[in-house]
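Here's the structure, in structure tokens; my notes come after.
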Amino acid sequence: MKPRLRFAPSPTGYLHIGGARTALFNWLFARRHGGTFVLRIEDTDQERSTPQSLQAILDGLTWLGIDWDEGPGKDGRHGPYFQMKKLDRYGQLAQQLIDAGWAYRDYSTEDELSAARKAFAAEKGLKEGDDLRSAGFKFTSPWRDKNQTLEKPALIRFKMPRREGRFGFDDLVLGRIEKPYDDFDDFVLLRSDGVPLYNFGCVVDDHDMAITHVGRGQEHINSTFPQLMIYEAFGWEPPRFAHIPLILGQDKEKLSKRRHPEADVMKHKENGILPHALLNFIARLGWSHGNDETFTREQLIEKFDFEHVGKANGVWNPGKLVALNQHWIKNTEPLEVAMQLLPYLQATGVPEAAVDAKLELGVRAFAERSTTLVEMAEKLKPYYVKGVTIDGAAAAKHLTPEGKALLQKAREELAKLTDWTTAALDPIVKTVADANGAKVGAVAQPIRVAATGNTVSPGIGVTLELLGRDETFHRLDAALR
RNA sequence: GGCCCUGUCGUCUAGUGGCCUAGGACGGUGCCCUCUCACGGCAUAAACCCGGGUUCGAAUCCCGGCAGGGUCACCA
């Protein structure tokens with residue numbers, strides 16, 4: 001049987017890096033085994049769900065190259081893929097549970113609940129701000145065994161069986177996990193407005209969508225237990241679960257929107273990170289394959305498994321992400337990098353830039369010198385504008401009378417060239433140095449400063465080819481004046 | 001607080017009882033290469049949370065501490 005996996009975000013914000021990794025692991029597993037990857041939208045929190053968030057999540061996944069076989073924009077046989085579109089289904093199933101004695105209508109009001117809380121607090125002698133849960137507050141609805149249907153709104157609670165002992169499941173990454181039955185209260189299945197809560201909607205949908213494996217964050221371990229009870233009540237076979245460790249910020253706190261800008265997937269796009277580099281990085285954060293560090297998309301699909309997902313939380317390491325980014329900048333076809341780079345370059349103020357031979361040459365020259373696409377764009381920009389401002393210190397050091405004399409000689413040699421290529425340009429430096437009894441550096445640096453305004457650039461040959469013949473002479477002559 | 005999960009260099013990790021004198025990667029340090037900057041190459045410092053067991057033998061198994069995390073809603 002081909003596996004079916006899903007990613008089920010709630011559209012209440014941008015695509016979080018932890019969510020992206022969860023999506024990636026599920027996607028990799030589905031792809032590896034020729035299965036199906038489903039994208040389901042859990043939009044039952046109407047307070048917080050927004051269309052913008054949905055779009056942001058879709059955009060984030062698309063940017064990362066994580067595609068889905070069923071879900072928004074991809075209808076399948078197991079839809080609808082938005083929970084708010086199947087309220088009737090949840091209602092019918094909840095009624096089924098009531099009929100079977102696994103659930104009941106609860107007409108308790110908020111007032112009654114808070115009265116119970118107050119009574120509990122008074123009995124225990126707790127103060128206003130104290131956490132009732134810590135003190136062991138439990139609420140048992142008086143409607144639990146009444147089995148009544150009244151003409152007023154009710155929420156539907158699951159009736160946890162009063163059992164001794166423990167129950168649990170075999171987690172794909174954590175192994176056996178168990179809890180005592182009496183750890184759980186009757187939990188809410190359906191709100192009084194008929195909208196399902198997470199546990200109920202999740203189980204119904206995973207069943208309806210024939211999900212076989214659920215990879216999700218470890219914060220969901222505890223909700224697995226009530227979900228298991230729902231499966232039992234319906235007599236459904238639960239999927240296999242794989243609880244993935246959390247990603248922590250450098251302060252070792254859970255990655256949060258507020259304190260950790262890196263939690264937003266699209267922030268990395270903005271920072272000039274290649275989508276595949278980010279993919280490689282988050283894959284390695286929590287999963288490993290021996291001593292391997294870099295993986296192509298195909299290798300990731302070929303090697304991924306839940307058994308090698310680690311059990312401990314991981315700390316975000318921006319330095320390693322950047323190192324991986326540089327690795328992929330260097331190890332991706334220059335044409336491909338050029339296409340990714342273009343928008344960043346244009347954004348620096350050179351809208352006329354295009355994916356052409358010049359840009360590809362630029363990528364080849366700067367791949368080893370750039371850690372991000374933003375950095376590469378900034379470094380390439382001077383090759384797209386007319387003229388250059390020469391750095392004072394650089395001029396003072398290299399455009400001395402002696403420097404200028406050598407620069408003049410070099411200019412004369414360059415003028416003789418018919419072929420303006422790196423291969424033809426490179427030897428000029430040594431030729432001029434030899435002819436004048438100077439060191440190569442004494443020739444190269446004045447040229448570099450005159451041509452780029454600075455002491456740092458790729459080799460003289462590529463630098464001048466990138467600049468082009470006309471612009472090179474324009475800048476050299478300006479420096480010689 | 002109850003319950004649950006976790007604990008190898010600063011960080012990500014390899015490791016599933018002898019192959020471990022604990023390996024790799026990022027970062028650090030030093031050297032080499034070199035027209036600058038990078039890239040690359042070589043070398044180096046750096047870890048099994050603590051304490052008990054089990055075993056001929058434990059980073060690996062068990063127990064207890066300690067530390068970190070998760071969860072306990074008409075959020076997901």
Side-chain angles (χ1 to χ4, degrees), chain A residues 8-10 12 42-45 47-49 106 108 110 113 131-138 153-157 168 171 173-175 177-180 182-185 187-193 195-199 201-202 216-225 243 245-246 248 250 252-254 281 284-294 307-308 310-324 326-327 330 365-371 379 394 398 426 429-430 433 439-449 452 454-461 463:
Chain A
S10 69
T12 53
E42 304 206 336
D43 53 358
T44 54
D45 184 346
E47 305 274 301
R48 297 193 299 149
S49 294
D106 184 352
S108 305
E110 284 290 340
L113 199 92
D131 186 357
L132 297 186
R133 296 175 310 203
S134 303
F137 175 76
K138 289 201 173 196
L155 55 87
I156 297 177
R157 277 187 195 275
D171 192 87
V173 343
L174 261 13
I177 303 176
E178 290 185 344
K179 269 183 177 267
D182 64 13
D183 237 46
F184 299 92
D185 292 333
F187 55 91
V188 178
L189 259 19
L190 235 48
R191 298 197 288 210
S192 43
D193 60 3
V195 176
L197 255 66
Y198 169 66
N199 282 327
C202 178
R216 57 174 27 161
Q218 283 188 4
E219 72 268 24
H220 290 289
I221 289 178
N222 288 292
S223 55
T224 307
F225 294 90
H243 287 95
L246 273 22
L248 273 25
Q250 284 174 278
K252 307 215 175 176
E253 299 285 335
K254 186 179 170 184
F281 179 73
R284 275 290 290 106
L285 189 55
W287 172 79
S288 62
H289 184 269
N291 280 337
D292 299 344
E293 295 288 346
T294 58
E307 285 69 26
H308 288 86
K311 297 178 178 183
N313 295 341
V315 175
W316 186 262
N317 183 345
K320 194 152 183 173
L321 171 60
V322 165
L324 223 31
Q326 182 168 33
H327 170 87
K330 284 186 300 189
F366 284 98
E368 292 174 346
R369 284 164 248 263
S370 310
T371 56
K379 288 183 171 173
H398 298 288
D426 255 339
V429 176
K430 191 168 189 318
K439 290 183 177 177
V440 271
V443 178
Q445 284 306 76
I447 300 176
R448 179 166 279 119
V449 171
T452 70
N454 234 306
T455 55
V456 174
S457 88
I460 292 296
T463 298

Side-chain donor or acceptor of [X] paired with backbone N/O of [Y] under 3.5 Å:
X      : Y      : value
A/K379 : A/R369 : yes
A/T452 : A/V449 : no
A/T463 : A/P458 : yes
A/N313 : A/P245 : no
A/D171 : A/H243 : yes
A/S288 : A/R284 : no
A/S370 : A/A367 : no
A/Q326 : A/E368 : yes

Compare the minimum distances between each of [options] and the side chain of [X], then state the nucleotide with the smallest one.
X      : options             : value
A/V188 : B/U6, B/A73, B/C3   : B/A73
A/I177 : B/C75, B/C74, B/C4  : B/C4
A/T44  : B/A38, B/G40, B/A76 : B/A76
A/R369 : B/C35, B/A38, B/C39 : B/A38
A/A444 : B/C39, B/C35, B/A73 : B/C35
A/L174 : B/C12, B/U6, B/C4   : B/U6
A/R48  : B/G2, B/U36, B/C75  : B/C75
A/K252 : B/C3, B/U11, B/C75  : B/U11
A/V315 : B/A76, B/A38, B/C12 : B/C12
A/L246 : B/U6, B/G69, B/A14  : B/G69

Practice item. Ignoring hydrogens and angles, answer whether the base of B/C12 and the side-chain atoms of A/N313 contain a donor-acceptor pair closer than 3.5 Å. Key: no
Point to revise | Donor/acceptor link under 3.5 angstrom from A/S457 side chain onto base of B/C37 | key: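 It does not, because no donor-acceptor pair links the side chain of A/S457 to the base of B/C37 below 3.5 Å.
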In whole Å, what separates the [atom1] atom of [N] from that of [M]?
N     : M     : atom1 : answer
B/G52 : B/U13 : P     : 30 Å
B/U44 : B/C50 : C1'   : 30 Å
B/G1  : B/U60 : P     : 28 Å
B/U16 : B/G10 : P     : 23 Å
B/A45 : B/A25 : P     : 15 Å
B/C9  : B/A14 : C1'   : 13 Å
B/A59 : B/G15 : C1'   : 8 Å
B/C39 : B/C33 : C1'   : 11 Å

Paired with [N] by Watson-Crick or G-U wobble geometry, both distances under 3.5 Å: which nucleotide is it?
N     : value
B/A25 : B/U11
B/C48 : none
B/U71 : B/G2
B/C31 : B/G41
B/U60 : none

Rounded to the nearest Å, what distance is computed from the [atom1] atom of residue [X] to the [atom2] atom of nucleotide [N]?
X      : N     : atom1 : atom2 : answer
A/D45  : B/A73 : CG    : P     : 16 Å
A/H308 : B/U13 : NE2   : P     : 13 Å
A/I460 : B/U34 : CD1   : C1'   : 13 Å
A/D193 : B/C75 : CG    : P     : 8 Å
A/E368 : B/U36 : CD    : P     : 15 Å
A/H289 : B/G15 : NE2   : P     : 10 Å
A/R191 : B/A76 : CZ    : C1'   : 11 Å
A/L155 : B/A73 : CG    : P     : 14 Å

Mind checking [X] for me? I need base, sugar-phosphate or nothing, with any heavy atom below 4.0 Å counting as a touch.
X      : value
A/S10  : sugar-phosphate
A/T224 : nothing
A/D43  : nothing
A/E178 : sugar-phosphate
A/V440 : sugar-phosphate
A/K311 : sugar-phosphate
A/P9   : nothing

Study note, to complete from the structure: Contact string for nucleotides 23-30 of chain B, one letter per nucleotide 5' to 3', B = base within protein heavy-atom range under 4.0 Å, S = sugar-phosphate only, - = neither, reads BBBS----
Revision key, fill the gap. 5'-most contact on RNA chain B (nearest-nucleotide basis), A/G286 vs A/G441, goes to A/G286
Review point. More 5' along RNA chain B: A/E219 or A/S370, using each one's nearest nucleotide?
Key: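 Per heavy-atom nearest nucleotide, the more 5' residue is A/S370.
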**Study point:** Polar contact flag, side-chain donor to acceptor under 3.5 angstrom, A/R48-A/S10
**Key:** no
**Study point:** A/S49 versus A/T12, side-chain donor and acceptor atoms under 3.5 Å
**Key:** no
Side-chain N or O of [X] less than 4.0 angstrom from OP1 or OP2 on [N]?
X      : N     : answer
A/S288 : B/A14 : yes
A/R448 : B/C37 : no
A/K330 : B/G40 : yes

Practice item. Find the distance between CZ (A/F281) and CG (A/N317) and round it off to the nearest 0.5 Å. Key: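 It is 5.5 Å, given to the nearest 0.5 Å.
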Check your understanding: Of all heavy-atom pairs between A/P318 and A/W316, which one has the smallest distance, and what is that distance?
Key -> CD-O, 3.5 Å
